[in-house]
Amino acid sequence: MMDNRFATALVIACVLSLISTIYMAASIGTDFWYEYHTLSPAENVSEAGRSIWDEFVSEEADEKTYTDALFRCNGTVGLWRRCITIPKNSHWYSPPETDMTTNCISFSLSDQFMEKYIEPGNHNSGTDLNRTYLWRLQFLLPFVSLGLMCFGALIGLCACACRSLYPAIATGVLHFLAGLCTLGLVGCYVAGIELLHKKLPLPDDVRGEFGWSFCLACVSAPLQFMAAALFIWAARTNRKEFTLLKAYRVA
């Protein structure tokens with residue numbers, strides 16, 4: 001029979017694991033990892049709104065092109081998509097308006113693995129290996145993290161079916177590895193943004209900040225570590241007490 005302490009620890013660990021999975025999935029699927037806020041009036045954007053959007057969605061748009069659009073149009077960036085805010089009606093004959101809409105374009109798979117250049121937009125400047133691999137890691141690590149947690153949950157279900165607590169150690173280890181991946185994702189994203197802004201400094205009237213999607217990933221990592229600690233503690237302690245009880249009965 002399982003001690004109430006271990007049962008409580010497992011329940012708390014499962015709740016933490018579920019919350020961290022939801023947070024991680026939400027952060028991957030949303031577009032607010034980084035946000036740009038311009039102080040320029042909306043009228044300045046409306047004059048060139050259509051041309052900005054055409055350049056933004058063009059297949060030939062390079063990193064500098066879409067980053068400049070993000071600066072000018074209150075852009076947001078996620079792991080999968082980039083978005084800008086432009087007027088709904090941006091024809092040349094229309095008066096300036098403040099009725100704005102947010103339009104997004106997804107990064108293709110080739111975009112995720114595309115090389116980053118030392119001078120963004122200049123293909124002849126050579127490959128910036130640091131930014132290239134940081135970008136690729138920030139794309140891969142969240143899926144590795146979610147995969148490890150799902151695999152850990154599967155092991156946990158098998159442990160319940162076998163009525164054994166010992167496999168929870170494997171679940172804890174997998175959650176710990178998932179936490180490392182999430183922490184690595186956060187670090188890679190911050191480093192990538194900082195390196196990009198060294199190449200393309202923010203204009204004076206633009207302010208950049210990390211968004212709530214990024215915050216969800218930051219919160220997810222400690223939840224994964226706490227769940228891992230509880231899983232491992234419950235499994236190891238229960239196993240140790242069971243071994244001592246068995247030895248006592250034999251004696």
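Positions are given from 1 along the sequence.
Looking only at side-chain heavy atoms (C-beta outward), Phe231 and Cys14 come within less than 4.5 Å of each other. Residues Leu79 and Phe139 fail the side-chain proximity criterion, which asks for heavy atoms closer than 4.5 Å. Inter-residue side-chain proximity for Ile193 and Val77 is flagged as unmet; no heavy-atom pair is nearer than 4.5 Å. For the pair Leu141/Thr182, no side-chain contact is recorded, criterion being any heavy-atom separation below 4.5 Å from C-beta on. Counting heavy atoms from C-beta outward, Leu180 and Phe225 have side chains that approach closer than 4.5 Å. You'll find the side chain of Lys116 stays beyond 4.5 Å of the side chain of Leu134, heavy atoms only.
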Inset, instruction - Might you work through the ring-ring contact (aromatic ring centres under 6.0 Å, His included) test for Tyr34 and Tyr189, ending with a clear yes or no? - result: CA-CA 10 Å; Tyr34 201 84; Tyr189 194 84; 7.2 Å; no
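With a 6.0 Å cutoff to the six-membered ring centre and a 45° limit on the axis angle, Arg136 counts as a cation-pi contact of Tyr133.
Listed for the Ser20 side chain is no donor-acceptor partner under 3.5 Å among the backbone atoms of Ser220.
Among the candidates Tyr23, Phe32, Trp33, the single residue satisfying the ring-ring contact (aromatic ring centres under 6.0 Å, His included) test with Trp212 is Phe32. When each of Thr85, Leu70, Leu202, Asn74 is checked for a side-chain contact (heavy atoms from CB on, under 4.5 Å) with Thr38, only Asn74 meets the rule.
In terms of the disulfide bond (SG atoms under 2.5 Å apart) criterion, residue partners of Cys83 (sequence neighbours excluded) are, by chain and number, Cys104.
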